[in-house]
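Quick note: numbers below take in every heavy atom, side chains included, and nothing from hydrogens, waters or symmetry partners. Fair warning: this is a prediction, and the values are worked out from it, not measured in the lab.
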Amino acid sequence: MTVIWVASLVFDVHRQPRLGHNWYVYKLVMLTNLNFVLDVFYSVLVAAASKSRVLRKIADFMYYTSVFPVGVVTCGLFWGLYYIDPALVMPEWIAKLIPAWLNHITHTYPIIYILLDSYFHKRNAPGTITCWIVSATLVFIYFMIIGYVRFYDGFWLYPILQLFSIQHFVLSYFLAFFGFFLLTKAAYFLNKMMHRTRYPTTTGGARKMNKKRH
């Protein structure tokens, strides 16, 4: 799965156009590309973490605080808006530039990867306060990126933002912040449920042993 991520990123860097800027890093202002690079980095980290406790701890933290929530938001928003009207997320002229397989790598594969990663790896979740802080920080940073592009490049990353007032932005921030936090908790329950389902006999056996001891 790491090979798929890395190969796709190499293709995107070397074969795909960069509109308005020469540096690839500028594509990271879009949530899709930000999630793409995040998943590539995370997949490499997971592959390297098999023999390192420190890397496993970093992978656990990233899974709950960024990989899961950002991946779900990216894929959910894309396909939700695409169902309503494809032009809302991918105008026809952009669709012609992006191969269909690459579109699925960035907007479908993340969900598949998240589910499989959660199935194969039992993750240790950070505390609730940590999740609150990280959620507020990451959402704030992305809102600053959106504002930066609007101020310096003169356009909104997402056309719908043209309709927003200051009150809408404030409300959107708090909704995004709270939604992001809920996704960190969803990641915890998903991982816990998967590993409880995978090892039901072990858990039951442990309970029986405890009863015998008492």
Side-chain angles (χ1 to χ4, degrees), residues 1-2 4-5 8-9 27-47 49 55-83 88-89 103-149 157-158 160-161 164 168-196:
M1 298 186 80
T2 302
I4 293 174
W5 278 123
S8 300
L9 180 62
K27 294 180 72 172
L28 301 186
V29 299
M30 300 298 295
L31 189 61
T32 291
N33 294 93
L34 193 61
N35 182 63
F36 187 13
V37 173
L38 173 67
D39 284 334
V40 172
F41 177 81
Y42 176 75
S43 68
V44 173
L45 181 67
V46 171
L55 293 182
R56 282 198 297 273
K57 288 182 178 180
I58 296 174
D60 289 353
F61 184 81
M62 286 184 63
Y63 172 80
Y64 289 108
T65 60
S66 57
V67 174
F68 184 95
V70 175
V72 170
V73 169
T74 300
C75 298
L77 282 178
F78 178 86
W79 289 115
L81 293 173
Y82 190 90
Y83 177 78
L88 290 174
V89 288
N103 183 43
H104 282 291
I105 287 292
T106 54
H107 295 117
T108 306
Y109 188 52
I111 296 296
I112 298 172
Y113 180 71
I114 286 170
L115 293 175
L116 289 176
D117 179 74
S118 190
Y119 179 79
F120 286 113
H121 301 282
K122 190 176 186 302
R123 300 292 185 193
N124 295 315
T128 299
I129 294 178
T130 300
C131 290
W132 277 116
I133 294 173
V134 173
S135 298
T137 302
L138 292 183
V139 172
F140 179 77
I141 289 173
Y142 193 66
F143 268 64
M144 290 300 99
I145 291 174
I146 292 174
Y148 174 88
V149 172
L157 285 174
Y158 308 100
I160 193 173
L161 297 179
F164 278 28
H168 289 136
F169 277 105
V170 173
L171 179 61
S172 296
Y173 170 76
F174 283 105
L175 289 176
F177 159 46
F178 186 63
F180 197 97
F181 170 76
L182 290 180
L183 286 173
T184 66
K185 290 304 173 183
Y188 167 76
F189 287 113
L190 174 67
N191 192 260
K192 183 178 179 180
M193 179 187 69
M194 281 191 168
H195 289 275
R196 179 181 295 172

### Query
Between Phe61 and Val134, does a side-chain contact (heavy atoms from CB on, under 4.5 Å) hold up when you go through it step by step?
CA-CA 10 Å; Phe61 184 81; Val134 173; 3.8 Å; yes

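- Of the candidates Leu157, Val70, Ile146, Ile145, Val70 is the only one forming a side chain to side chain contact (heavy atoms under 4.5 Å, CB included) with Leu31.
- Tyr109 and Asp39 share no side-chain donor-acceptor pair at under 3.5 Å.
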Under 3.5 Å, which donor-acceptor pairs do the side chains of residues 175-190 form with other protein atoms, sequence neighbours left out?
from, atom 1, to, atom 2, distance (Å)
Thr184, OG1, Phe181, O, 2.5
Lys185, NZ, Thr128, OG1, 3.1

### Query
For Ile111 and Leu115, what are the C-alpha separation, side-chain angles and deciding distance, and is it a side-chain contact (heavy atoms from CB on, under 4.5 Å)?
CA-CA 6 Å; Ile111 296 296; Leu115 293 175; 4.1 Å; yes

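- A donor and an acceptor atom, one from each side chain of Tyr64 and Thr130, are nowhere located under 3.5 Å apart.
- Atoms CZ and NE2, from Phe120 and His195 in turn, are 10.0 Å apart once rounded to the nearest 0.5 Å.
- Between the side chains of His107 and Thr32, a donor-acceptor pair is found at a separation under 3.5 Å.
- Using a 4.5 Å cut-off on side-chain heavy atoms (C-beta onward), Phe36 and Pro110 make no contact.
- Here the side chain of Asn191 pairs a donor or acceptor atom with the backbone of His121 at under 3.5 angstrom.
- Enclosure of atom CZ in Phe140 is not indicated, since only 12 or fewer non-hydrogen atoms of other residues, nucleotides or ligands lie within 6.0 angstrom.
- Taking OG1 from Thr106 and CG from Asn35, the interatomic distance works out to 8.5 Å, rounded to the nearest 0.5 Å.
- Aromatic pair Phe41/Trp5: ring centres not closer than 6.0 Å.
- Listed for the Ser43 side chain is a donor-acceptor partner under 3.5 Å among the backbone atoms of Val40.
- Gly71 and Ile114 make their closest contact through CA-CD1, 4.1 Å (heavy atoms, listed as atom of the first residue, atom of the second, distance).
- From His104, atom NE2 reaches atom SG of Cys75 across 11.0 Å, with rounding to the nearest 0.5 Å.
- Note that the NZ atom of Lys122 and the CZ atom of Arg56 stand 13.0 Å from one another [nearest 0.5 Å].
- Taking the six-membered ring for Trp and thresholds of 30 and 60 degrees, Phe143 and Phe169 have ring planes more than 60 degrees apart, a perpendicular arrangement.
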### Check against side-chain contact (heavy atoms from CB on, under 4.5 Å), Thr108 and Trp79
CA-CA 9 Å; Thr108 306; Trp79 289 115; 3.4 Å; yes

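- Judged by distance alone, the side chain of Ser66 and the main-chain N or O of Met62 form a donor-acceptor pair under 3.5 Å.
- The distance from the CG atom of Leu34 to the CG atom of Leu138 is 9.5 Å, given to the nearest 0.5 Å.
- Contact check for Asp117 versus Val46: side-chain heavy atoms found under the 4.5 Å cut-off.
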